[in-house]
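Below is one structure, written out as C-alpha coordinates; the observations come after it.
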Amino acid sequence: MDFEAYARRHHKALLRFAVTVVGDPRLAEEIVQDVLLRAFQRWASIGDLDHPHAYVRRMVVNEYLSWRRRWSRVEPRAHVGLEATEPDQTEPHAERDALVTEILRLPRRQRVVLALRYFEDVHDAEIARTLGCSQATVRSIAARALARLRIRMADPDPATAADPGPAGDPQADGATFRTNFTTAEEAVR
Amino acid sequence: MRTVHDLDDAFCALADTAPEPGPLPVLTTSSHAPERGETSRRIAQRWLAPTIAAVGTVALVAGLVWVTADSKSAGPGNGAAGADQLQALTAPAADEAPDLTLRFTATPPAGDTVTSYEFDRAGQVIDFGSAAAPPGCDPISGTASCRQVAQVRLYWANPPKDPDERNFNAAKVSRTGTAEVDGRAAFFGRMPHAADGREKLFWQYAPGAWAEATAPSRAAELALAESVRGATVAVRIPLAPTMSGHRYANVLSSQSSGAGGTLEISSPGAREGGFDVAWGNAATAVPHGKGAAEDITVNGRSWTIRGGEQPRAVLRGATVPVVVSSYLGRSRAELIAFLRGLRLASDLGDPSTWYDAAQVLR
(Lines give C-alpha, C1' and ligand atoms only; values in the text may rest on other atoms or scores of the structure.)
Protein backbone atom coordinates (compact mmCIF):
# COMPACT_ATOMS: atom_id res chain seq x y z
CA MET A 1 0.00 0.00 0.00
CA ASP A 2 1.44 3.40 -0.86
CA PHE A 3 1.28 6.25 1.58
CA GLU A 4 -1.49 8.10 -0.18
CA ALA A 5 -3.74 5.06 -0.15
CA TYR A 6 -2.92 4.45 3.50
CA ALA A 7 -3.64 8.03 4.49
CA ARG A 8 -6.90 8.17 2.61
CA ARG A 9 -8.04 4.94 4.23
CA HIS A 10 -6.89 5.53 7.79
CA HIS A 11 -6.73 9.27 8.31
CA LYS A 12 -10.18 9.53 9.85
CA ALA A 13 -9.64 6.45 12.04
CA LEU A 14 -6.38 7.90 13.29
CA LEU A 15 -8.11 11.17 14.12
CA ARG A 16 -10.85 9.40 16.04
CA PHE A 17 -8.36 7.31 17.95
CA ALA A 18 -6.19 10.34 18.67
CA VAL A 19 -9.15 12.20 20.13
CA THR A 20 -9.88 9.34 22.50
CA VAL A 21 -6.38 9.50 23.95
CA VAL A 22 -5.73 13.22 23.65
CA GLY A 23 -9.16 14.56 24.51
CA ASP A 24 -8.63 17.77 22.59
CA PRO A 25 -9.73 17.54 18.94
CA ARG A 26 -7.45 20.33 17.82
CA LEU A 27 -4.39 18.85 19.46
CA ALA A 28 -5.36 15.42 18.17
CA GLU A 29 -5.57 16.78 14.66
CA GLU A 30 -2.20 18.42 15.03
CA ILE A 31 -0.62 15.25 16.35
CA VAL A 32 -2.05 13.17 13.53
CA GLN A 33 -0.87 15.68 10.95
CA ASP A 34 2.64 15.60 12.32
CA VAL A 35 2.69 11.84 12.60
CA LEU A 36 1.48 11.41 9.04
CA LEU A 37 4.10 13.82 7.81
CA ARG A 38 6.80 11.78 9.54
CA ALA A 39 5.28 8.55 8.33
CA PHE A 40 5.27 9.94 4.80
CA GLN A 41 8.95 10.71 5.04
CA ARG A 42 9.71 7.17 6.18
CA TRP A 43 7.06 5.37 4.22
CA ALA A 44 9.58 3.30 2.30
CA SER A 45 10.27 1.50 5.59
CA ILE A 46 6.89 1.72 7.29
CA GLY A 47 4.98 0.59 4.23
CA ASP A 48 6.93 -2.65 4.21
CA LEU A 49 5.83 -3.60 7.69
CA ASP A 50 3.20 -6.26 8.17
CA HIS A 51 0.94 -3.84 10.00
CA PRO A 52 1.79 -0.28 9.05
CA HIS A 53 -1.35 1.04 10.69
CA ALA A 54 -0.35 -0.41 14.04
CA TYR A 55 2.98 1.27 13.66
CA VAL A 56 1.49 4.64 12.77
CA ARG A 57 -0.93 4.31 15.66
CA ARG A 58 2.04 3.73 17.92
CA MET A 59 3.56 6.91 16.55
CA VAL A 60 0.41 8.76 17.59
CA VAL A 61 0.65 7.38 21.12
CA ASN A 62 4.31 8.20 21.33
CA GLU A 63 3.75 11.69 20.05
CA TYR A 64 1.05 12.25 22.64
CA LEU A 65 3.20 10.99 25.46
CA SER A 66 6.26 12.90 24.36
CA TRP A 67 7.53 15.75 26.40
CA ARG A 68 7.54 18.05 23.41
CA ARG A 69 3.79 17.89 23.16
CA ARG A 70 3.36 18.41 26.83
CA TRP A 71 5.62 21.39 26.63
CA SER A 72 3.89 22.91 23.67
CA ARG A 73 0.42 22.54 25.11
CA VAL A 74 -0.72 25.98 26.04
CA GLU A 75 -4.44 25.52 25.98
CA PRO A 76 -5.92 26.32 29.36
CA ARG A 77 -6.29 23.10 31.23
CA ALA A 78 -9.85 22.01 31.34
CA HIS A 79 -9.93 19.96 34.50
CA VAL A 80 -12.11 22.35 36.34
CA GLY A 81 -14.86 21.37 38.65
CA LEU A 82 -17.28 19.47 36.52
CA GLU A 83 -18.12 17.42 39.56
CA ALA A 84 -19.15 20.59 41.32
CA THR A 85 -22.08 21.08 39.01
CA GLU A 86 -25.26 19.17 39.42
CA PRO A 87 -25.63 16.63 36.62
CA ASP A 88 -28.70 17.15 34.52
CA GLN A 89 -30.67 13.99 35.19
CA THR A 90 -33.09 14.81 32.41
CA GLU A 91 -30.31 14.65 29.90
CA PRO A 92 -30.21 11.13 28.43
CA HIS A 93 -26.49 11.34 27.80
CA ALA A 94 -25.59 12.84 31.14
CA GLU A 95 -24.08 9.62 32.46
CA ARG A 96 -22.14 9.03 29.26
CA ASP A 97 -20.86 12.60 29.30
CA ALA A 98 -19.87 12.19 32.92
CA LEU A 99 -17.91 9.09 31.98
CA VAL A 100 -16.23 10.96 29.13
CA THR A 101 -15.20 13.63 31.59
CA GLU A 102 -13.76 11.02 33.93
CA ILE A 103 -11.90 9.37 31.06
CA LEU A 104 -10.32 12.69 30.23
CA ARG A 105 -9.16 12.99 33.83
CA LEU A 106 -7.36 9.67 33.82
CA PRO A 107 -3.58 9.72 33.81
CA ARG A 108 -2.40 9.72 30.24
CA ARG A 109 -1.07 6.18 30.21
CA GLN A 110 -4.27 4.77 31.69
CA ARG A 111 -6.29 6.58 29.04
CA VAL A 112 -4.03 5.27 26.29
CA VAL A 113 -4.41 1.70 27.52
CA LEU A 114 -8.19 1.91 27.71
CA ALA A 115 -8.47 3.57 24.32
CA LEU A 116 -6.29 0.94 22.69
CA ARG A 117 -7.99 -1.94 24.45
CA TYR A 118 -11.65 -0.95 24.25
CA PHE A 119 -11.88 1.56 21.42
CA GLU A 120 -9.33 0.04 19.06
CA ASP A 121 -9.72 -3.58 20.26
CA VAL A 122 -5.98 -4.00 20.43
CA HIS A 123 -4.66 -7.06 22.26
CA ASP A 124 -2.68 -6.55 25.43
CA ALA A 125 0.44 -7.90 23.77
CA GLU A 126 0.31 -5.15 21.16
CA ILE A 127 -0.48 -2.54 23.80
CA ALA A 128 2.54 -3.73 25.74
CA ARG A 129 4.71 -3.34 22.64
CA THR A 130 3.27 0.11 22.07
CA LEU A 131 3.99 1.27 25.58
CA GLY A 132 7.23 -0.61 26.00
CA CYS A 133 6.08 -2.53 29.05
CA SER A 134 4.95 -6.02 29.98
CA GLN A 135 1.49 -7.42 29.40
CA ALA A 136 1.11 -7.74 33.15
CA THR A 137 1.70 -4.03 33.44
CA VAL A 138 -0.88 -3.37 30.76
CA ARG A 139 -3.41 -5.45 32.67
CA SER A 140 -2.53 -3.67 35.86
CA ILE A 141 -2.91 -0.25 34.27
CA ALA A 142 -6.23 -1.26 32.74
CA ALA A 143 -7.48 -2.64 36.05
CA ARG A 144 -6.68 0.56 37.83
CA ALA A 145 -8.28 2.68 35.16
CA LEU A 146 -11.42 0.56 35.15
CA ALA A 147 -11.60 0.71 38.92
CA ARG A 148 -11.21 4.45 38.82
CA LEU A 149 -14.02 4.71 36.31
CA ARG A 150 -16.11 2.22 38.29
CA ILE A 151 -16.40 -0.08 35.28
CA ARG A 152 -17.61 -3.58 36.10
CA MET A 153 -16.16 -6.30 33.92
CA ALA A 154 -18.80 -8.69 32.64
CA ASP A 155 -16.25 -11.48 32.50
CA PRO A 156 -13.61 -10.86 35.11
CA ASP A 157 -10.11 -11.41 33.87
CA PRO A 158 -8.23 -13.52 36.40
CA ALA A 159 -5.08 -11.67 35.57
CA THR A 160 -6.57 -8.30 36.32
CA ALA A 161 -8.43 -9.64 39.30
CA ALA A 162 -5.04 -10.49 40.71
CA ASP A 163 -3.88 -6.94 40.22
CA PRO A 164 -1.81 -6.17 43.26
CA GLY A 165 -3.08 -2.63 43.51
CA PRO A 166 -1.29 0.66 43.66
CA ALA A 167 1.63 -0.60 45.67
CA GLY A 168 2.13 -3.73 43.67
CA ASP A 169 3.12 -2.37 40.31
CA PRO A 170 5.13 0.73 40.67
CA GLN A 171 5.43 1.21 36.91
CA ALA A 172 1.73 1.14 36.28
CA ASP A 173 1.01 4.77 36.81
CA GLY A 174 2.69 8.09 37.00
CA ALA A 175 3.22 11.25 35.12
CA THR A 176 6.70 10.64 33.87
CA PHE A 177 6.22 7.46 31.93
CA ARG A 178 8.27 7.27 28.78
CA THR A 179 7.87 4.76 26.02
CA ASN A 180 10.76 3.21 24.20
CA PHE A 181 9.08 3.90 20.94
CA THR A 182 11.75 6.27 19.81
CA THR A 183 13.94 3.23 19.63
CA ALA A 184 11.32 1.49 17.54
CA GLU A 185 11.12 4.46 15.23
CA GLU A 186 14.85 4.39 14.84
CA ALA A 187 14.51 0.84 13.60
CA VAL A 188 12.72 1.88 10.46
CA ARG A 189 14.74 4.92 9.62
CA MET B 1 -21.87 0.32 38.34
CA ARG B 2 -20.87 0.94 34.76
CA THR B 3 -20.10 -1.72 32.20
CA VAL B 4 -17.65 -2.02 29.36
CA HIS B 5 -20.51 -1.12 27.02
CA ASP B 6 -20.75 2.23 28.77
CA LEU B 7 -17.04 2.62 28.17
CA ASP B 8 -17.50 1.83 24.48
CA ASP B 9 -20.25 4.42 24.25
CA ALA B 10 -18.12 7.01 25.98
CA PHE B 11 -15.14 6.41 23.71
CA CYS B 12 -17.38 6.59 20.65
CA ALA B 13 -18.87 9.86 21.88
CA LEU B 14 -15.38 11.18 22.41
CA ALA B 15 -14.22 10.00 18.99
CA ASP B 16 -17.23 11.68 17.40
CA THR B 17 -15.73 15.01 18.41
CA ALA B 18 -12.83 14.36 16.02
CA PRO B 19 -12.66 16.87 13.20
CA GLU B 20 -13.21 15.74 9.67
CA PRO B 21 -9.90 14.85 8.07
CA GLY B 22 -8.46 17.82 6.30
CA PRO B 23 -6.12 17.66 3.36
CA LEU B 24 -2.64 16.49 4.18
CA PRO B 25 0.11 18.79 2.96
CA VAL B 26 1.98 15.86 1.51
CA LEU B 27 -1.03 14.87 -0.54
CA THR B 28 -2.15 18.28 -1.63
CA THR B 29 1.29 19.15 -2.91
CA SER B 30 2.52 15.85 -4.18
CA SER B 31 0.62 12.97 -5.52
CA HIS B 32 4.01 12.10 -6.94
CA ALA B 33 6.94 10.72 -5.04
CA PRO B 34 8.07 12.98 -2.25
CA GLU B 35 10.89 15.36 -2.83
CA ARG B 36 13.01 15.01 0.21
CA GLY B 37 14.02 18.63 0.52
CA GLU B 38 10.50 19.87 0.01
CA THR B 39 9.11 17.60 2.68
CA SER B 40 11.89 18.50 5.05
CA ARG B 41 11.11 22.15 4.64
CA ARG B 42 7.48 21.60 5.46
CA ILE B 43 8.34 19.57 8.49
CA ALA B 44 10.92 22.09 9.53
CA GLN B 45 8.36 24.85 9.30
CA ARG B 46 6.07 22.94 11.62
CA TRP B 47 8.75 22.19 14.17
CA LEU B 48 11.14 25.07 13.99
CA ALA B 49 9.12 27.60 15.92
CA PRO B 50 8.40 25.44 18.96
CA THR B 51 11.96 24.22 18.94
CA ILE B 52 13.30 27.72 18.96
CA ALA B 53 11.03 28.54 21.84
CA ALA B 54 12.14 25.41 23.66
CA VAL B 55 15.73 26.44 23.45
CA GLY B 56 14.80 29.62 25.21
CA THR B 57 15.51 29.86 28.86
CA VAL B 58 12.17 28.57 30.04
CA ALA B 59 9.73 27.28 27.52
CA LEU B 60 6.82 26.53 29.76
CA VAL B 61 7.15 27.41 33.34
CA ALA B 62 4.87 26.37 36.06
CA GLY B 63 4.80 27.57 39.52
CA LEU B 64 3.67 26.08 42.71
CA VAL B 65 1.91 26.44 45.30
CA TRP B 66 3.06 28.11 48.35
CA VAL B 67 3.10 31.73 49.20
CA THR B 68 5.49 33.13 51.72
CA ALA B 69 4.33 34.96 54.78
CA ASP B 70 5.35 38.12 53.02
CA SER B 71 3.46 37.34 49.89
CA LYS B 72 0.44 36.03 51.74
CA SER B 73 -0.40 39.60 52.44
CA ALA B 74 -0.85 39.95 48.74
CA GLY B 75 -2.30 36.53 48.25
CA PRO B 76 -5.77 35.57 47.29
CA GLY B 77 -8.30 37.34 49.37
CA ASN B 78 -5.68 39.62 50.83
CA GLY B 79 -4.65 42.03 48.14
CA ALA B 80 -1.81 44.23 49.20
CA ALA B 81 -2.71 47.83 49.78
CA GLY B 82 -1.91 49.94 46.79
CA ALA B 83 -1.14 46.93 44.65
CA ASP B 84 -4.59 46.10 43.42
CA GLN B 85 -4.39 48.02 40.17
CA LEU B 86 -4.48 45.26 37.61
CA GLN B 87 -1.98 45.76 34.85
CA ALA B 88 -1.79 44.04 31.51
CA LEU B 89 0.58 41.12 31.85
CA THR B 90 3.64 41.40 29.69
CA ALA B 91 4.06 38.55 27.25
CA PRO B 92 7.42 36.81 27.14
CA ALA B 93 9.33 37.01 23.93
CA ALA B 94 9.90 33.74 22.15
CA ASP B 95 13.30 33.30 23.78
CA GLU B 96 12.34 34.64 27.19
CA ALA B 97 11.00 33.02 30.32
CA PRO B 98 7.48 34.03 31.32
CA ASP B 99 7.03 36.27 34.31
CA LEU B 100 7.09 33.85 37.24
CA THR B 101 5.78 36.30 39.78
CA LEU B 102 2.03 36.10 39.93
CA ARG B 103 0.67 39.52 39.10
CA PHE B 104 -2.94 39.11 40.19
CA THR B 105 -5.14 37.50 42.74
CA ALA B 106 -8.81 36.65 43.13
CA THR B 107 -11.17 35.65 45.88
CA PRO B 108 -11.89 31.92 45.83
CA PRO B 109 -15.41 30.58 45.85
CA ALA B 110 -16.79 30.01 49.33
CA GLY B 111 -15.19 27.08 51.07
CA ASP B 112 -12.35 26.79 48.60
CA THR B 113 -8.81 27.93 48.51
CA VAL B 114 -5.96 28.28 46.05
CA THR B 115 -4.70 24.89 44.99
CA SER B 116 -2.07 25.90 42.50
CA TYR B 117 -0.49 28.60 40.47
CA GLU B 118 0.65 28.02 36.95
CA PHE B 119 2.68 29.96 34.45
CA ASP B 120 2.95 29.05 30.81
CA ARG B 121 3.29 30.49 27.36
CA ALA B 122 -0.33 31.63 27.42
CA GLY B 123 -0.48 33.46 30.72
CA GLN B 124 -0.83 33.07 34.45
CA VAL B 125 -3.38 30.89 36.21
CA ILE B 126 -4.81 30.45 39.69
CA ASP B 127 -6.68 27.24 40.43
CA PHE B 128 -9.13 26.91 43.28
CA GLY B 129 -10.33 23.79 44.98
CA SER B 130 -10.99 22.12 48.25
CA ALA B 131 -8.78 23.20 51.10
CA ALA B 132 -8.64 19.68 52.44
CA ALA B 133 -6.25 17.55 50.44
CA PRO B 134 -5.67 14.14 51.90
CA PRO B 135 -2.25 12.50 51.78
CA GLY B 136 -1.76 10.83 48.45
CA CYS B 137 -4.04 13.20 46.61
CA ASP B 138 -3.13 12.64 42.98
CA PRO B 139 -2.86 16.10 41.51
CA ILE B 140 -2.45 14.81 38.00
CA SER B 141 -5.57 12.73 37.70
CA GLY B 142 -7.46 14.88 40.12
CA THR B 143 -9.11 12.53 42.52
CA ALA B 144 -12.43 13.72 43.87
CA SER B 145 -10.94 15.23 46.98
CA CYS B 146 -8.40 17.41 45.21
CA ARG B 147 -10.09 18.54 42.04
CA GLN B 148 -10.26 22.14 41.12
CA VAL B 149 -13.58 23.85 41.25
CA ALA B 150 -12.66 27.15 39.68
CA GLN B 151 -9.91 28.76 37.69
CA VAL B 152 -8.89 32.23 36.63
CA ARG B 153 -6.51 32.70 33.75
CA LEU B 154 -5.06 36.00 32.67
CA TYR B 155 -3.60 35.89 29.21
CA TRP B 156 -0.51 37.86 28.36
CA ALA B 157 -1.23 41.09 26.57
CA ASN B 158 -0.17 41.28 22.95
CA PRO B 159 1.73 37.99 22.82
CA PRO B 160 4.17 37.46 19.99
CA LYS B 161 2.60 35.86 16.97
CA ASP B 162 2.46 32.13 17.45
CA PRO B 163 2.90 30.20 14.21
CA ASP B 164 0.78 27.42 15.70
CA GLU B 165 -2.00 29.91 16.44
CA ARG B 166 -2.17 28.96 20.08
CA ASN B 167 -2.69 32.48 21.33
CA PHE B 168 -6.08 33.32 22.74
CA ASN B 169 -8.37 34.68 20.08
CA ALA B 170 -11.67 36.06 21.33
CA ALA B 171 -13.10 35.90 17.84
CA LYS B 172 -12.83 32.13 17.90
CA VAL B 173 -14.79 31.68 21.11
CA SER B 174 -18.30 30.43 20.56
CA ARG B 175 -20.34 33.02 22.45
CA THR B 176 -23.29 31.93 24.54
CA GLY B 177 -24.21 35.09 26.42
CA THR B 178 -23.18 38.59 27.34
CA ALA B 179 -22.11 39.98 30.70
CA GLU B 180 -20.23 42.81 32.30
CA VAL B 181 -17.15 42.69 34.51
CA ASP B 182 -16.06 45.84 36.30
CA GLY B 183 -18.08 47.87 33.84
CA ARG B 184 -16.37 46.26 30.88
CA ALA B 185 -18.15 44.22 28.26
CA ALA B 186 -17.75 40.51 28.81
CA PHE B 187 -19.24 37.36 27.40
CA PHE B 188 -19.82 33.74 28.19
CA GLY B 189 -18.61 31.23 25.66
CA ARG B 190 -16.82 28.04 24.88
CA MET B 191 -13.28 27.76 23.66
CA PRO B 192 -12.94 26.18 20.26
CA HIS B 193 -12.13 22.49 20.55
CA ALA B 194 -11.98 22.60 24.35
CA ALA B 195 -11.81 19.10 25.70
CA ASP B 196 -14.46 19.69 28.32
CA GLY B 197 -16.72 21.98 26.34
CA ARG B 198 -17.14 24.08 29.47
CA GLU B 199 -18.67 27.49 29.26
CA LYS B 200 -16.36 30.15 30.63
CA LEU B 201 -16.55 33.87 31.22
CA PHE B 202 -14.25 36.04 29.12
CA TRP B 203 -13.45 39.68 29.57
CA GLN B 204 -10.72 42.19 28.86
CA TYR B 205 -9.00 42.89 32.16
CA ALA B 206 -6.91 45.56 30.47
CA PRO B 207 -6.95 47.01 26.98
CA GLY B 208 -6.04 44.24 24.60
CA ALA B 209 -5.52 41.73 27.41
CA TRP B 210 -8.04 38.97 27.98
CA ALA B 211 -8.97 36.90 30.99
CA GLU B 212 -11.23 33.96 31.58
CA ALA B 213 -12.95 32.55 34.63
CA THR B 214 -14.33 29.07 35.06
CA ALA B 215 -16.57 28.14 37.95
CA PRO B 216 -19.58 25.94 38.63
CA SER B 217 -22.09 28.62 37.62
CA ARG B 218 -22.31 31.86 35.69
CA ALA B 219 -22.92 33.76 38.90
CA ALA B 220 -19.81 32.22 40.45
CA GLU B 221 -17.80 33.06 37.36
CA LEU B 222 -18.95 36.67 37.50
CA ALA B 223 -18.12 36.90 41.20
CA LEU B 224 -14.72 35.39 40.56
CA ALA B 225 -14.02 37.77 37.69
CA GLU B 226 -15.10 40.79 39.72
CA SER B 227 -12.71 39.76 42.48
CA VAL B 228 -9.63 39.73 40.24
CA ARG B 229 -7.21 42.46 41.18
CA GLY B 230 -3.56 43.25 40.93
CA ALA B 231 -1.13 41.69 43.37
CA THR B 232 2.44 40.53 43.61
CA VAL B 233 2.65 36.96 44.75
CA ALA B 234 5.99 35.21 44.95
CA VAL B 235 5.50 31.56 44.15
CA ARG B 236 7.85 29.40 46.12
CA ILE B 237 9.21 25.95 45.45
CA PRO B 238 11.29 23.71 47.71
CA LEU B 239 14.05 22.92 45.24
CA ALA B 240 16.26 24.60 42.73
CA PRO B 241 17.69 22.59 39.87
CA THR B 242 21.06 23.86 38.76
CA MET B 243 21.87 21.87 35.67
CA SER B 244 25.36 22.94 34.79
CA GLY B 245 25.69 23.49 31.08
CA HIS B 246 21.97 23.25 30.56
CA ARG B 247 19.05 25.53 30.58
CA TYR B 248 15.49 24.72 31.37
CA ALA B 249 13.59 23.73 28.33
CA ASN B 250 10.49 22.52 30.03
CA VAL B 251 9.00 23.02 33.43
CA LEU B 252 5.47 21.92 34.16
CA SER B 253 3.37 21.90 37.25
CA SER B 254 0.70 19.46 38.02
CA GLN B 255 -2.56 20.40 39.55
CA SER B 256 -1.86 20.39 43.19
CA SER B 257 -3.60 20.65 46.44
CA GLY B 258 -1.58 21.84 49.34
CA ALA B 259 2.18 21.88 49.13
CA GLY B 260 3.15 19.84 46.14
CA GLY B 261 4.02 20.04 42.54
CA THR B 262 6.26 18.94 39.74
CA LEU B 263 8.88 20.39 37.49
CA GLU B 264 9.80 18.85 34.19
CA ILE B 265 13.23 19.66 32.92
CA SER B 266 14.83 18.92 29.61
CA SER B 267 17.95 19.87 27.81
CA PRO B 268 17.33 22.40 25.07
CA GLY B 269 17.02 20.86 21.68
CA ALA B 270 16.90 17.33 23.02
CA ARG B 271 14.29 15.08 21.54
CA GLU B 272 13.88 13.15 24.75
CA GLY B 273 13.02 14.63 28.07
CA GLY B 274 15.31 14.89 31.02
CA PHE B 275 13.95 14.64 34.50
CA ASP B 276 10.78 15.19 36.45
CA VAL B 277 10.96 16.42 40.00
CA ALA B 278 7.88 15.95 42.15
CA TRP B 279 7.39 16.96 45.72
CA GLY B 280 4.71 16.94 48.33
CA ASN B 281 1.45 15.37 47.36
CA ALA B 282 2.57 15.06 43.76
CA ALA B 283 5.52 12.93 44.84
CA THR B 284 3.32 10.50 46.69
CA ALA B 285 1.60 9.73 43.39
CA VAL B 286 4.83 8.87 41.60
CA PRO B 287 5.83 5.20 41.59
CA HIS B 288 9.25 4.63 43.01
CA GLY B 289 10.61 2.36 40.32
CA LYS B 290 11.45 -1.28 40.09
CA GLY B 291 14.56 -3.29 40.57
CA ALA B 292 17.40 -3.33 42.98
CA ALA B 293 17.70 -0.38 45.28
CA GLU B 294 20.87 1.63 45.56
CA ASP B 295 21.33 4.03 48.44
CA ILE B 296 23.52 7.01 47.79
CA THR B 297 24.31 10.27 49.51
CA VAL B 298 24.47 13.43 47.43
CA ASN B 299 25.18 16.82 48.94
CA GLY B 300 24.46 15.41 52.36
CA ARG B 301 21.06 14.03 51.34
CA SER B 302 20.25 10.35 51.20
CA TRP B 303 18.49 8.99 48.14
CA THR B 304 17.30 5.55 47.13
CA ILE B 305 17.57 4.88 43.41
CA ARG B 306 15.59 2.17 41.67
CA GLY B 307 14.92 1.28 38.09
CA GLY B 308 17.13 0.35 35.19
CA GLU B 309 15.92 1.97 32.01
CA GLN B 310 14.04 4.68 33.80
CA PRO B 311 15.71 5.20 37.16
CA ARG B 312 14.02 7.16 39.90
CA ALA B 313 15.46 8.64 43.05
CA VAL B 314 13.44 8.93 46.24
CA LEU B 315 14.64 11.27 48.95
CA ARG B 316 15.01 9.39 52.20
CA GLY B 317 13.95 10.65 55.58
CA ALA B 318 12.42 13.82 54.23
CA THR B 319 9.53 15.64 55.85
CA VAL B 320 8.23 16.41 52.37
CA PRO B 321 8.37 13.58 49.82
CA VAL B 322 10.61 14.28 46.84
CA VAL B 323 10.99 11.98 43.84
CA VAL B 324 13.21 12.62 40.84
CA SER B 325 12.29 10.58 37.77
CA SER B 326 14.40 10.06 34.70
CA TYR B 327 13.06 9.74 31.24
CA LEU B 328 13.69 6.58 29.33
CA GLY B 329 17.25 6.43 28.15
CA ARG B 330 18.67 8.40 31.04
CA SER B 331 21.18 6.37 33.00
CA ARG B 332 21.64 6.16 36.73
CA ALA B 333 24.86 8.10 36.30
CA GLU B 334 22.96 10.93 34.60
CA LEU B 335 20.34 10.86 37.33
CA ILE B 336 23.00 11.07 40.01
CA ALA B 337 24.65 13.94 38.15
CA PHE B 338 21.32 15.71 38.11
CA LEU B 339 20.88 15.13 41.84
CA ARG B 340 24.28 16.71 42.44
CA GLY B 341 22.99 19.87 40.82
CA LEU B 342 19.69 19.86 42.68
CA ARG B 343 19.56 22.23 45.61
CA LEU B 344 16.94 21.43 48.21
CA ALA B 345 15.55 23.87 50.72
CA SER B 346 17.27 23.58 54.08
CA ASP B 347 13.97 22.54 55.66
CA LEU B 348 11.58 21.08 53.16
CA GLY B 349 8.78 21.29 55.71
CA ASP B 350 9.29 24.99 56.25
CA PRO B 351 8.13 27.03 53.26
CA SER B 352 9.99 30.06 54.56
CA THR B 353 13.17 28.30 53.46
CA TRP B 354 11.88 27.60 49.96
CA TYR B 355 13.09 29.33 46.82
CA ASP B 356 11.40 32.01 44.81
CA ALA B 357 10.51 30.32 41.53
CA ALA B 358 11.09 33.55 39.65
CA GLN B 359 14.67 33.56 40.89
CA VAL B 360 15.70 29.94 40.54
CA LEU B 361 13.84 28.84 37.41
CA ARG B 362 15.76 30.91 34.97
Side-chain angles (χ1 to χ4, degrees), chain A residues 4 7 11-12 15-20 23-26 28-29 33-34 36-38 40-41 67-68 70-72 74-76 78-85 93 96 99-101 103-107 114-115 118-119 149-154 170-176 178-180 182, chain B residues 1-4 6-11 13-15 17-19 21 24 26-27 31 34 39 43 46 50 54 59-60 120-122 140-142 144 147-151 153 166 193-196 198 212 214 216 250 252 254-255 262 264 266 272-273 276 286-290 310 325 327-328:
Chain A
E4 184 169 344
H11 190 181
K12 185 166 186 175
L15 276 170
R16 287 173 61 82
F17 167 66
V19 169
T20 64
D24 178 345
R26 190 177 76 169
E29 184 176 30
Q33 284 270 343
D34 284 347
L36 286 176
L37 279 169
R38 289 213 315 275
F40 170 72
Q41 197 176 40
W67 70 270
R68 192 194 297 268
R70 277 188 280 164
W71 160 75
S72 64
V74 295
E75 284 286 341
H79 305 154
V80 178
L82 290 181
E83 76 290 348
T85 58
H93 299 303
R96 187 196 63 190
L99 181 53
V100 168
T101 300
I103 289 171
L104 294 175
R105 285 181 174 140
L106 288 174
L114 290 191
Y118 296 104
F119 182 69
L149 297 175
R150 303 183 303 283
I151 303 286
R152 175 175 53 81
M153 301 298 295
Q171 292 284 358
D173 205 338
T176 58
R178 306 295 303 163
T179 75
N180 61 358
T182 299
Chain B
M1 197 71 174
R2 295 157 170 163
T3 68
V4 171
D6 296 323
L7 190 59
D8 288 341
D9 287 345
F11 272 129
L14 194 51
T17 66
L24 291 172
V26 291
L27 298 182
S31 56
T39 305
I43 292 173
R46 290 186 71 85
L60 180 67
D120 60 28
R121 303 301 301 184
I140 294 163
S141 60
R147 282 181 192 145
Q148 301 159 359
V149 297
Q151 181 186 77
R153 172 182 283 272
R166 295 171 189 276
H193 308 306
D196 62 352
R198 282 294 301 268
E212 68 178 42
T214 312
N250 191 5
L252 283 169
S254 61
Q255 300 169 57
T262 65
E264 183 178 337
S266 297
E272 289 303 309
D276 274 350
V286 177
H288 290 176
K290 288 179 174 175
Q310 200 176 357
S325 306
Y327 283 86
L328 194 68

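In what follows, chains are A, B, ... by sequence order, proteins preceding strands, each numbered from 1. Keep in mind that what you see is a predicted model, and the values were worked out from it rather than measured.
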Heavy-atom distance under 4.5 Å to chain B: side chain of A/Ala115, backbone, both or neither?
both
Those residues that, when tested against B/Asp6, pass side chain to side chain contact (heavy atoms under 4.5 Å, CB included) (two or more places apart):
A/Leu99, B/Arg2, B/Thr3
Please report the shortest heavy-atom distance between B/Phe11 and A/Ile103, naming the atom on each side.
CE2-CG2, 3.9 Å
Locate the shortest heavy-atom distance separating A/Thr20 from B/Ala15; write the atom from each residue and the value.
CG2-CB, 3.9 Å
Looking at B/Asp9, B/Leu7, B/Leu14, which hits side chain to side chain contact (heavy atoms under 4.5 Å, CB included) with A/Arg96?
B/Asp9
